[in-house]
Amino acid sequence: KLLEAEKLWPNESSNESNKSLKSSLLEGAEKIRKNKILAAKLRSEGEALLADGAKTEALLRFENSLLLEENDVVSKDAQRLAQEIGQEKNKREEARVLRNKGNAMADKKRYTEAIDLYTRSLRLYPDEYLEAYAELLQEKAAEEKSIREEALKLRKEGDVLMKDKKTPEALVKYKESIQIWHDDELADTVKNEEQRIAEATASKLRKEAEELLKSKKTTEAFLRYKESLTYSHDNIARAYVDKVEAEEAQKRADSLVKE
């Protein structure tokens with residue numbers, strides 16, 4: 001346009017400024033042309049990378065091409081690709097968490113649970129090495145099934161004994177079951193039941209100590225209180241035992257001084 005205007009209305013006074021403007025316009029046009037060429041090259045590279053499954057690298061090419069030249073189609077494709085990459089990243093992370101949980105179960109020899117976790121991980125993110133390892137665990141899972149069945153048998157025997165109020169015998173069965181196949185719920189049951197028995201035994205011993213004190217049998221009372229503390233803490237029993245032991249220690253000290 002500037003060149004056409006110069007032909008129609010020649011003006012020598014503005015010739016220099018026109019030359020400068022023309023030069024700038026030509027430089028700008030050349031830059032735009034080069035940007036278009038480079039943007040097209042980047043888009044072509046991005047498409048090739050995408051075809052090879054290299055989504056992250058393809059996205060980088062598309063984003064760089066948009067910096068050089070606006071393109072609505074490429075912009076929408078880049079946004080969609082970024083969303084896909086984000087979703088795949090989330091799936092990989094979820095798969096990694098499941099795989100780590102599976103590893104933890106495998107370390108505990110809980111192969112059935114490990115295989116289940118590995119299978120869920122593989123659905124989210126395929127991994128040929130993990131798939132091969134999960135297949136290897138199938139044989140161990142069969143052995144595990146036999147062990148779990150034996151543990152369950154012992155647990156059921158313990159349940160029967162517990163219903164018959166044979167708690168000590170039931171706890172023996174439960175502990176045998178846990179040794180073969182650890183179960184957190186059953187372990188808690190054993191712990192709570194043993195604590196209950198300990199509390200009951202301690203309470204019985206403290207009551208015996210109180211009755212002995214009423215009969216002025218202080219030595220026997222002391223022994224009952226001291227024994228009760230091996231089962232459960234009690235402030236009164238602790239204070240009495242400490243008091244008697246302190247008195248005995250003082251008597252021994254006084255005896256040594258006299259000697």
Side-chain angles (χ1 to χ4, degrees), residues 39-68 71-159 173-193:
K41 180 176 179 293
L42 287 167
R43 288 196 297 271
S44 179
E45 290 176 358
E47 289 166 1
L49 287 165
L50 188 58
D52 290 337
K55 294 183 178 181
T56 302
E57 293 84 348
L59 178 60
L60 183 61
R61 296 296 194 285
F62 291 147
E63 289 176 340
N64 286 338
S65 76
L66 290 169
L67 294 174
L68 297 169
N71 186 305
D72 290 340
V73 175
V74 176
S75 179
K76 289 179 181 178
D77 288 344
Q79 289 176 9
R80 184 170 58 253
L81 184 57
Q83 187 176 13
E84 287 180 12
I85 291 171
Q87 290 172 346
E88 289 178 2
K89 182 180 179 181
N90 292 338
K91 283 185 178 181
R92 281 198 301 273
E93 177 59 22
E94 189 176 349
R96 185 188 67 78
V97 171
L98 289 168
R99 178 173 182 159
N100 288 343
K101 288 181 178 179
N103 292 340
M105 289 297 103
D107 289 342
K108 294 178 181 178
K109 302 188 185 305
R110 301 174 79 104
Y111 302 117
T112 301
E113 292 170 67
I115 291 170
D116 177 62
L117 289 162
Y118 288 151
T119 301
R120 289 165 58 191
S121 174
L122 289 166
R123 288 197 195 105
L124 292 168
Y125 194 74
D127 183 319
E128 59 180 331
Y129 298 107
L130 180 60
E131 187 174 356
Y133 181 59
E135 289 178 1
L136 287 174
L137 290 184
Q138 291 292 346
E139 185 176 342
K140 291 185 176 181
E143 297 174 4
E144 174 198 305
K145 183 180 179 182
S146 175
I147 294 171
R148 292 183 72 170
E149 288 175 351
E150 178 62 23
L152 182 60
K153 177 176 174 290
L154 289 165
R155 179 170 182 166
K156 287 180 177 178
E157 291 175 2
D159 290 341
K173 292 293 182 182
Y174 286 155
K175 287 180 178 180
E176 288 177 359
S177 175
I178 292 169
Q179 285 179 344
I180 294 174
W181 183 263
H182 184 79
D183 182 285
D184 290 337
E185 182 183 354
L186 185 58
D188 287 341
T189 296
V190 171
K191 179 182 177 181
N192 293 336
E193 196 60 33

Point to revise | Steps toward side chain to side chain contact (heavy atoms under 4.5 Å, CB included) verdict (Arg155, Tyr174) | key: CA-CA 5 Å; Arg155 179 170 182 166; Tyr174 286 155; 4.2 Å; yes

Practice item. Using the side chain to side chain contact (heavy atoms under 4.5 Å, CB included) rule, take Glu131 and Glu135 through it: C-alpha gap first, then chi angles, then the decisive distance, then the call. Key: CA-CA 6 Å; Glu131 187 174 356; Glu135 289 178 1; 4.2 Å; yes

Review point. Where do Arg80 and Asp77 land on the salt bridge (charged side-chain N to carboxylate O under 4.0 Å, His left out) test, with the steps shown first?
Key: CA-CA 5 Å; Arg80 184 170 58 253; Asp77 288 344; 2.5 Å; yes

Review point. Does the side chain to side chain contact (heavy atoms under 4.5 Å, CB included) test come out yes or no for Leu154 and Glu157, once each step is laid out?
Key: CA-CA 5 Å; Leu154 289 165; Glu157 291 175 2; 3.9 Å; yes

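More than 12 non-hydrogen atoms from other residues, nucleotides or ligands lie less than 6.0 angstrom from CG of Asp107. With a 6.0 Å radius and a threshold of 12 heavy atoms from other residues, nucleotides or ligands, Gln87 has its CD atom above the threshold.
Arg110 places a side-chain N or O within 3.5 Å of a backbone atom of His182 that can act as its donor or acceptor partner. The main-chain N or O of Glu185 is found under 3.5 Å from a side-chain atom of Thr189 such that the two form a donor-acceptor pair.
The shortest heavy-atom contact between Ile180 and Ile147 is CG2-CG2, 3.2 Å. In this structure, Gly46 and Ala58 approach most closely via the heavy-atom pair O-CB, 3.3 Å. Residues Leu59 and Ala78 approach most closely at CD1-O, 3.4 Å, considering heavy atoms. Residues Ala106 and Tyr133 share a closest heavy-atom pair of CB-OH, 4.1 Å. Considering every non-hydrogen atom in both Ser177 and Ala151, the closest pair reads OG-O, 2.8 Å. Pairing each heavy atom of Ala39 with each of Ser65, the nearest pair is O-CB, 3.5 Å.
Note that CG of Leu186 is 14.0 Å distant from NZ of Lys191, once rounded to the nearest 0.5 Å. Of the inter-residue distances, the one linking Leu49 atom CG with Lys55 atom NZ reads 13.0 Å to the nearest 0.5 angstrom. A distance of 8.5 Å separates OG1 of Thr119 from CG of Leu130, quoted to the nearest 0.5 Å. Between the NZ atom in Lys140 and the OG1 atom in Thr112 there is a gap of 13.0 Å [rounded to 0.5 Å]. Taken to the nearest 0.5 Å, the CZ atom of Arg43 stands 9.5 Å off from the CZ atom of Phe62. Rounding to the nearest 0.5 Å places CH2 of Trp181 at 9.5 Å from CG of Asp183.
Residues Leu117 and Arg120 are in side-chain contact: their nearest non-hydrogen atoms beyond the backbone lie under 4.5 Å apart.
A salt bridge links Arg96 with Glu93: the closest approach of a Lys/Arg side-chain nitrogen to an acidic carboxylate oxygen falls below 4.0 angstrom. Between Lys41 and Glu45 there is a salt bridge, since a side-chain N of the basic residue sits under 4.0 Å from a carboxylate O of the acidic one.
Across Leu137, Leu98, Asp127, a single residue satisfies side-chain contact (heavy atoms from CB on, under 4.5 Å) together with Tyr118, and that is Leu137.
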